[in-house]
Amino acid sequence: MEPRGMKKWRPFATMPEQYTGLKEVINKQLEVDQPVLTEEQMEQINFTLIEALHTNKQVYLTYYKKGQCITETGFIQFVDSLGNLFIFIDNVFELKNKMRLSELIDVRLA
């Protein structure tokens with residue numbers, strides 16, 4: 001049992017700034033460049049988005065954000081190809097996410 005008032009020694013979390021800096025270095029190493037899509041891939045993504053919107057089918061959506069490729073499931077609520085945006089409702093929190101079409105890497109019907 002620890003005496004009252006004494007703190008347990010934490011060797012790697014002694015200085016919050018040091019911990020934050022270390023976390024940033026690790027995250028930087030995990031970052032990837034945004035994949036470049038062909039014209040055909042972009043057309044297929046657009047086609048799948050429109051199909052999912054009109055049929056209200058669930059999709060697996062993969063997008064690029066801050067050096068990471070993220071995949072979520074949910075529903076497409078709105079697509080504006082000319083305005084380069086769409087609205088996606090995720091399955092977990094049922095939140096509306098306004099995103100740019102240019103961030104998309106892949107869209108597949110679930």
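Quick caveat: nothing in here was measured; it's all calculated off a predicted structure. What you see below is based on every heavy atom in this structure, not just the backbone, and it leaves out hydrogens, waters and symmetry mates.
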(message) I'd like to know if the side chain of Y60 and the backbone of D106 have a donor-acceptor N/O pair within less than 3.5 Å.
(response)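 Judged by distance alone, no pair lies under 3.5 Å.
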
(request) Answer yes or no: is there a donor N or O on one side and an acceptor on the other, between the side chain of Q34 and the main chain of S102, under 3.5 Å? (result)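 Yes, the answer is positive, given that a donor and an acceptor are paired below the 3.5 Å cut-off.
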
Once you round to the nearest 0.5 Å, how far does [atom1] of [X] lie from [atom2] of [Y]?
{"X": "I87", "Y": "L53", "atom1": "CD1", "atom2": "CG", "answer": "10.5 Å"}
{"X": "F75", "Y": "T73", "atom1": "CZ", "atom2": "OG1", "answer": "8.5 Å"}
{"X": "K66", "Y": "E103", "atom1": "NZ", "atom2": "CD", "answer": "11.0 Å"}
{"X": "L49", "Y": "D80", "atom1": "CG", "atom2": "CG", "answer": "12.0 Å"}
{"X": "M99", "Y": "F88", "atom1": "CE", "atom2": "CZ", "answer": "7.5 Å"}
{"X": "I89", "Y": "Q58", "atom1": "CD1", "atom2": "CD", "answer": "12.0 Å"}

I need the minimum non-hydrogen distance between [X] and [Y], along with the two atoms involved.
{"X": "R100", "Y": "F86", "answer": "O-CE2, 3.7 Å"}
{"X": "D90", "Y": "F93", "answer": "OD1-N, 2.6 Å"}
{"X": "A52", "Y": "I76", "answer": "CB-CG1, 4.1 Å"}
{"X": "E51", "Y": "L109", "answer": "OE2-CD1, 3.4 Å"}
{"X": "C69", "Y": "V32", "answer": "SG-CG2, 4.1 Å"}
{"X": "K65", "Y": "I70", "answer": "CB-CD1, 4.0 Å"}

Group every Ile, Leu, Val, Met, Phe, Trp and Tyr by side-chain heavy-atom contacts under 4.5 Å, then state whether [X] and [Y] land in the same group.
{"X": "V107", "Y": "V79", "answer": "yes"}
{"X": "M42", "Y": "V59", "answer": "yes"}
{"X": "F78", "Y": "L104", "answer": "no"}
{"X": "L101", "Y": "L37", "answer": "yes"}

(request) Inspect the surroundings of CD in E94 and state if more than 12 heavy atoms from other residues, nucleotides or ligands are less than 6.0 Å away. (result)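 Atom CD in E94 is not crowded, with 12 or fewer foreign heavy atoms closer than 6.0 Å.
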
(request) Answer yes or no: are there more than 12 heavy-atom neighbours, outside D33 itself, under 6.0 Å from its atom CG? (result)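 Atom CG in D33 is not packed in, count stays at 12 or less.
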
(message) Are the side chains of Q44 and E40 in contact, using a 4.5 Å heavy-atom criterion?
(response)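 Heavy-atom side-chain distance check fails, nothing below 4.5 Å.
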
